Peer 1: 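After the structure tokens below, expect a handful of questions from me.
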Amino acid sequence: MTLAFLAIAFVTVAAAAVAMALRNLIHSALLLVFNWAGIAAFYLWAGAEFVAFSQLMVYVGAVSMVVLFAVLLTQRSPQSFREQPDSISRVIGALLVGGAVLGVLFGAVLSSRLAPSAATATPTISVKELGSLLMGPHAAALLIVGVILTVTLIGAVIIASTDHAESGKDES
Amino acid sequence: MNLSVQYLWLIPALPLLAAGIGALTPRSGKAIAAGATIGAMGLAFVLSCGALVTALKDPAAHLVANFTWFELGHSAVRLGWLLDPLTALMCVMVTFVGLLIFIFSTGYMHEDANFTRFFCFLSLFAAAMLGILIANSLLLLFISWELVGLASYLLIGFWFHKPAAAAAAKKAFITTRIGDLGFLLGMLWLSDATGSLLFYDAGKGVLETSALTALVTQTTVGGLAVSTAIGLLLFCGAAGKSGQFPLHVWLPDAMEGPTPVSALIHAATMVAAGVFLIARVYPLMSADQAIATAPLHALSVVAAIGAITALLGAVIAVAQNDIKRILAFSTVSQLGYMMLALGVGSWVAAIFHLLTHAFFKALLFLAAGSVIHAAHHEQDIRQLGGLKGPLKVTFATFAIGMMALAGVPFVFSGFWSKEAILHAAHGWNVSHLPFYAGLVAVVLTAFYMTRLVAEAFFGQARSPASEHAHESPAVMTVPLVLLAICAVLLGFLGTPYWPWLQHTLDPKFHSEPGGGGLMVTSIVLVALGIGSGWAVYGRRLRAKASAPDPIEAKVPDLFAALAARLGFDELYAATVGRLNTFLADAADVFDRYIWDGAVRLLAGLGQFTGNVTRETDENLVNGGFDATSEQLKSTAKTYSRAQTGDTHGYLMLVALGFVLLVLAVMLGGTR
Amino acid sequence: MSLSPLQLCLLFSSALFCVGLIGALSRSNTILVLLGIELMLNAANINFIAFWRFGPAPAAGTGVVFVLFSIAVAAAEAAVGLALVIAVYRHQKNIRLQEANRLKG
Amino acid sequence: MSTLPLLSLVVFTPFAGAAGLGLLRGASPAASRALALIFSLSTLALSLVLLGGFDPARTAPQFVERHAWIAALNVNYSLGLDGLSLLLVLLTGIVTPVALLASAKAERDSRLFGALFLMLQGAALGVFLALDFFPWFLFWELSLVPAFFLIKLWGGQGATRAAYQFVIYTIGGSAFMLAGFAALFVATGTMDFNTLAQLAADGSLAQKLAAFGGGNWTKVIFLGVLIGLAVKVPLWPFHTWLPPAYAEAPTGASMFLTGVMSKMGVYGFLRILWPIFPGPLHDASCWLLALALGGVVLGAWSAMRQTDLKRMVAYSSINHLSYCLLALFAVSYATGRAGPSSEAAAAALSGTLLQMFNHGLSAAALFACVGMLEARTGGKRGLHEFGGVRTAAPIFAGLCGVAMFSSLGLPGLNGFVGEFLIFRGVFGLNAWAAAIACLGLLATALFLLTFWQRVFHGPRAGATTGVFADVQPGEYLTLVPLVALMLVLGVAPHLLTRLINPLVTAWAGHLTLP
């Protein structure tokens, strides 16, 4: 049980780390998809099946496609998927800061005494329960999320599409 | 023929019409202008004779024709014509003398470019003078009086391109206007006190008993009767027009006009107006005689001024060299005589002298004009000489005029009129000083006239101008002859033995007996004057133009003072003239600096306030806001440096902040 | 010492979070930065599930609902972020984050 | 009698003309001049119609038009015409076309010039006809606008300064007047001249004002109105704006300013100050007499010092208008005193009215003459820059001479009748004032003759030495009507006195204080 978790965690973190380190954007994106799938596996492991499926559909299915399209659209030529090397100093700075955050988080997690509650009793939640939860106590949040999604959709379309005139001018 | 008083206005209207025709005639229409003028004057003369016939029917009556000029309040301003022997005689004299002068002018001014204009002005002059004569209203008289001033201004300045003529014209106008202001005030006073300005108006006129009584009984400043005050004010006007001391200064300068103008001004029209005015308002002037206790009688002042003027004019005439100037000063002197006569109570004598003087002075001036014309406009008697040969008619007529003026006994008119005046002066019971002044003036008159004749006509010609002199044309000599005849004959109208004129003018006149001794004295004095004149100038005739005058050689200072006309012009220039300049300067300075300065100060104050508020606004109020916003801006600038645009940096800061926060919670949270 | 499953989960999520953070901080490609942030978000989601699974009151189901919301918002964020990337790219012909600093003060 | 609103027609025809000229953008200079002239002549024509329908025997305003305007302030648009107004309307009708003709030559932008001129004319007519303070004051201030631009845009070198001085000075004076009338309105609730005059006559005005704000209130208001009017006339010593303004204005504007606008002040004195404030005016009349005498005497003497011909004529205007005020103040001085007859008052007041008319003619003619000198010599108008003009241009000299002698009051010309009546009246009311004012007559003669001698007499000199044309056909149109009127009115003043005598008689009839 624990072993399964550890495997999932290792693979997921490793995939993320390699994705962040790779030069080739396409590879990075694919590795991240792998990473998201890992997270979905973790959800399954934890017993949240619906969330796992959502994770798969949204991230692995939708966001990854968007990312791939973005990557392809922003490259000048198909050959140049490789990025310019980043500045070493910033990488070092990033590692230091990231290390510090990691240290702090680990310190915090390890130093806290989280009581191991009834770990044996695995909670489950059916889709029906989830639906009544969403429509019941969280209806307002659901509505707001819906509005946000709509607005975002429209906004994304406008931002990505209305620049034609200006870009035309730039090209000319 | 008779002329009704209703049509009396035709007498001035005809020359006025002629003046209008003359004004509209182009320069080339000499014949039209002269013809219209002379024709109108001739007609006016005929009408005047008709008027005289009417007037003589009843010499005591004052025929009037009054009419309303315009409505004023509940009453009206009324004017009118007046016909009495005084008017009629004066009209006849003016029209006759004027006619002759006009005829003479056609010859004298023949060459002048502005011939038509000249006749227009002459005619206007005559019309205005006739207007004075027929006026039955002081207002109408004043109107005509001012028009005479205008015409004289135009005529004296006829040769306006000569600065001297222009200046003389202005001087004449201004000087007479000074007097006229007195006249105006007197008229206003009279109008205010009596409510009328008509002389005779069926008992309501100002010269009729009721008005006079009212005027005499009121008193004004200094205890003067109102009639005295008004009379003196009116006399100011008369003194201005008639060239009385101290307003005589314009008269000699008026010689700058053409000679016929001088004749007209000095004989028939302008100067006569003053004497005529006093004679016309004589009832008013003499009204205060009724109160013996009056501090001053108007006529006494008239007499005093007249005496001074008579003497002054005669004295100054002795030392003049310009032929016209000598005659001008003699006019001043003779006018003094007339005023003297008026003052001492014999207005008929004054009018008698006015009439005779008009003829012989016109004669003298025209003859002088003839001399000047002949001698190519040479007027200095030292440059003339020997003219009796070439200018026979002129000399003869001039001599007659001279003897009339000097008062050569029995034959000449001047003798009789002057005699009448001296007689009246002798009989004046207030003072004998005017009488003595008159006597001295008699001697001086004879003396300077002898000097004039001797210098101008005897001896030999002293300049090329007089050498080439030749007699004037008939158009000029015939008027001379006619005037000479009148100058002789006219005297016989008023001799003590047949005082027709006196009775005609004043039916109440009665001659006082006992004039014989006086007459003898007078004859002796005339003889003395002529004799001494001839002794000084006639026996040893001037040889060269540059030779000094015999009197000048003896008493040069006195002669120079007299030649400079006793410095009246300089005196006036130094006093009145300077006062005038000072006042003008003061008024100007007042305006420019004081009032305008006050305005500017006010404006400056406004501007200053504006500046102060502007500065306050800009520096204090706005400055505060500006400083604050500047501060904000610079602060913002400083802080905006943190806004690097480096997303990584922000992210890193967030991460570091998170670390610090967690560390703080962890390390501090244990407590 | 032994670690409870909850702690393990939290350590996992922390590691994932730091990997995302380091990627976001070190890479200059905007897409990768976005993906790093996406990782961090996922790490947070893991925490929600972990606390739901091993927390004191699992019956409520709140953690699951929150994760669902979070996924929805993350998807939206990804869409907008990538649209912005494309827009920026049209302007500047590259998507290097340090050059997209035109809005700085 | 027709039911046409004749007076409104009189007032607004010039405004209509101004508007028309303003709208006709493409009109040629000649056409716009002709149009302006036609519209300005309309006043003359309409005022002749008024003259035909005018009944001199009635002293109340005739042809009255009255419409409520601003009900809340009890403001009425009310126009009326009596002898005084008629005289001034006639004068405006005569002077305006003549002034326009005089400025026909060499004026740039004649369309704007004509429009402004017509506006000025309309405003002046409005002032002369309004019976309510509100419209009256509106027209009064409105007249400043075109006058300002006429001086500033077409004037000489110092024109801008002169125009500002003129406008600010006048507005400053008007402000006092406006304040005075505001107070008057608050106290009485009306601004109608006739109503106010009636209130003043029966003494209730003083009571109302006293109830409103104490005993001195009347005096304060009186002073305000007095200052406003005194600046406009101008009463000495409020006159310093006048010489520069008149001198710098273009010829036509100078003619209008002196011919018509200067009458607005005197009109105000007669229409407003005297009827509404008889008491305070009487109290102040001694001082005011002294000021008027100052204007008469010092104005004339200042003129003697001027070397700029236009300034000289301007000063003569001060002198002549001061006669008008002198007569009015003398009447006020004598009001309520025993002794002086109503005869004298009638003479003085008739003289004032005649003098207003006559001065309009003669001063306008003199300005026209100076303008012609300027036009011939390229803008020269210094006293010493000419000589012998009479030799060069005898007809011009003759016409100018008539104007000059009319101005110095020569009998037989129009100037004399007015001055004589004023003197006749003032002598009866206050003899010393008349005696002192005589000095003004003398000084006037002196400076006018000096002007005449320097410029017209003597040998040709200065600017006159070159080609110097005599009167041109167009210029005859300017001078001859004025000169002809001078001659006619000098001989037949009853043409004018007939119109005003009943009014003046009525005025002189009740010279009692409330």
Side-chain angles (χ1 to χ4, degrees), chain A residues 2 5 9 12-13 16-17 20 25 28 32 35-36 39 42-43 46-48 50-51 54-55 58 62-63 66-67 70-71 73-74 83 86 90-91 93-95 97-98 101-102 105-106 109-110 114 116-117 119 123 125 129-130 133-134 138 141 145 148-149 152-153 155-156 159-160 163 167, chain C residues 4-12 14-23 25-29 31-32 35-36 38-39 42 45-46 49-50 52-56 58-59 61-62 64-65 67-69 71-80 82-87 89-91 93 95:
Chain A
T2 315
F5 167 75
T12 310
V13 172
M20 286 295 118
L25 272 179
S28 291
L32 272 174
N35 163 272
W36 289 327
I39 292 170
F42 168 77
Y43 293 154
F50 189 79
V51 177
S54 302
Q55 173 82 2
V58 174
V63 176
V66 177
V67 171
V71 170
L73 280 173
T74 54
E83 272 289 294
D86 296 309
R90 205 169 60 238
V91 171
L95 283 174
V97 170
V101 172
L102 190 68
L105 286 175
F106 270 42
V109 170
L110 291 179
L114 291 163
S117 62
I125 188 161
E129 280 167 358
L130 202 59
L133 266 181
L134 281 175
H138 300 287
V145 168
I148 288 176
L149 282 175
T152 314
L153 186 68
I159 290 171
D163 239 12
S167 67
Chain C
S4 70
L6 180 57
Q7 275 176 316
L8 278 175
C9 286
L10 292 181
L11 289 178
F12 167 49
S14 301
L16 207 57
F17 182 88
C18 287
V19 169
L21 179 65
I22 291 167
L25 282 178
S26 62
R27 300 306 294 264
S28 55
N29 189 304
I31 295 175
L32 275 178
L35 290 178
E38 208 63 53
L39 269 182
N42 273 304
N45 287 350
I46 287 171
I49 295 296
W52 169 72
R53 173 72 178 76
F54 302 106
T62 315
V64 175
V65 173
V67 172
L68 284 178
F69 286 148
I71 287 173
V73 171
E77 178 236 323
V80 173
L82 291 168
L84 275 172
V85 168
I86 290 169
Y89 173 75
R90 286 214 186 109
H91 266 288
K93 297 293 166 227
I95 47 172

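Convention: sequence-line order gives letters A, B, ...; per-chain numbering from 1. Below, each value reflects all heavy atoms present in this structure, side chains not excepted, and no hydrogens, waters or symmetry copies. Remember, it's a predicted structure, so these values are computed and weren't measured experimentally.
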Peer 1: Quick check for you: among C:Ala76, C:Ala79, C:Ala74, which has the greatest number of heavy-atom pairs under 4.5 Å with chain A?
Peer 2: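 Answer, by heavy-atom pair count under 4.5 Å with chain A: C:Ala76.
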Peer 1: Taking side chain to side chain donor-acceptor pair (under 3.5 Å) as the definition, give me every residue that meets it alongside C:Asn42, ordered by chain and number, with sequence neighbours left out.
Peer 2: A:Gln55
Peer 1: At a 4.5 Å cut-off on heavy atoms, which part of A:Phe42 comes close to chain C: side chain, backbone, both, or neither?
Peer 2: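 Only the side chain of A:Phe42 comes within 4.5 Å of chain C.
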Peer 1: So what's closer than 4.5 Å to chain C heavy atoms on A:Val58: side chain, backbone, both or neither?
Peer 2: side chain
Peer 1: Measuring heavy-atom distances to chain A, does C:Ile46 have an atom under 4.5 Å in its side chain, in its backbone, in both, or in neither?
Peer 2: both
Peer 1: So which residue, C:Ala72, C:Cys9, C:Ala78, C:Ala75, ends up with the most heavy-atom pairs under 4.5 Å with chain A?
Peer 2: C:Cys9
Peer 1: Using non-hydrogen atoms only, which part of C:Leu21 is less than 4.5 Å away from chain A: side chain, backbone, both, or neither?
Peer 2: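 For C:Leu21, the contact with chain A is made by the side chain alone.
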Peer 1: Find the one option among A:Gly155, A:Ala141, A:Ser54, A:Ala62 whose heavy-atom pairs under 4.5 Å with chain C are most numerous.
Peer 2: A:Ala141
Peer 1: Chain A heavy atoms under 4.5 Å from C:Leu68: which part of the residue, side chain, backbone, both or neither?
Peer 2: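 Contact with chain A is through the side chain of C:Leu68 alone.
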Peer 1: Heavy-atom distances under 4.5 Å only: say whether A:Leu32 touches chain C with side chain, backbone, both or neither.
Peer 2: side chain
Peer 1: Could you go through A:His138 and C:Thr62, starting from their C-alpha distance and side-chain angles, then the distance that decides it, and tell me whether this counts as side chain to side chain contact (heavy atoms under 4.5 Å, CB included)?
Peer 2: CA-CA 9 Å; A:His138 300 287; C:Thr62 315; 4.2 Å; yes
Peer 1: Treating C:Arg53 as the side-chain partner and A:Ala46 as the backbone partner, does any N or O pair qualify as donor plus acceptor under 3.5 Å?
Peer 2: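 Yes; judged by distance alone, with no hydrogens or angles, the pair exists.
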Peer 1: Identify which of C:Ala15, C:Cys18, C:Gly23, C:Gly20 forms the greatest number of heavy-atom pairs closer than 4.5 Å to chain A.
Peer 2: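 Counting heavy-atom pairs under 4.5 Å, the top option is C:Cys18.
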Peer 1: Taking A:Ile148, A:Leu153, A:Leu134, A:Thr12 one by one, which has the highest count of heavy-atom pairs under 4.5 Å against chain C?
Peer 2: A:Thr12
Peer 1: Under 4.5 Å from any heavy atom of chain C, what part of A:Val66 do you find: side chain, backbone, both or neither?
Peer 2: both
Peer 1: Check whether C:Leu39 gets within reach of chain A through its side chain, its backbone, both or neither, counting any heavy atom under 4.5 Å.
Peer 2: side chain
Peer 1: May I ask you to name which of C:Val85, C:Ile86, C:Val73, C:Ile49 has the most heavy-atom pairs under 4.5 Å with chain A?
Peer 2: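 Of C:Val85, C:Ile86, C:Val73, C:Ile49, C:Ile49 has the most heavy-atom pairs under 4.5 Å with chain A.
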Peer 1: With only heavy atoms counted, which part of C:Val67 is less than 4.5 Å from chain A, the side chain, the backbone, both or neither?
Peer 2: side chain
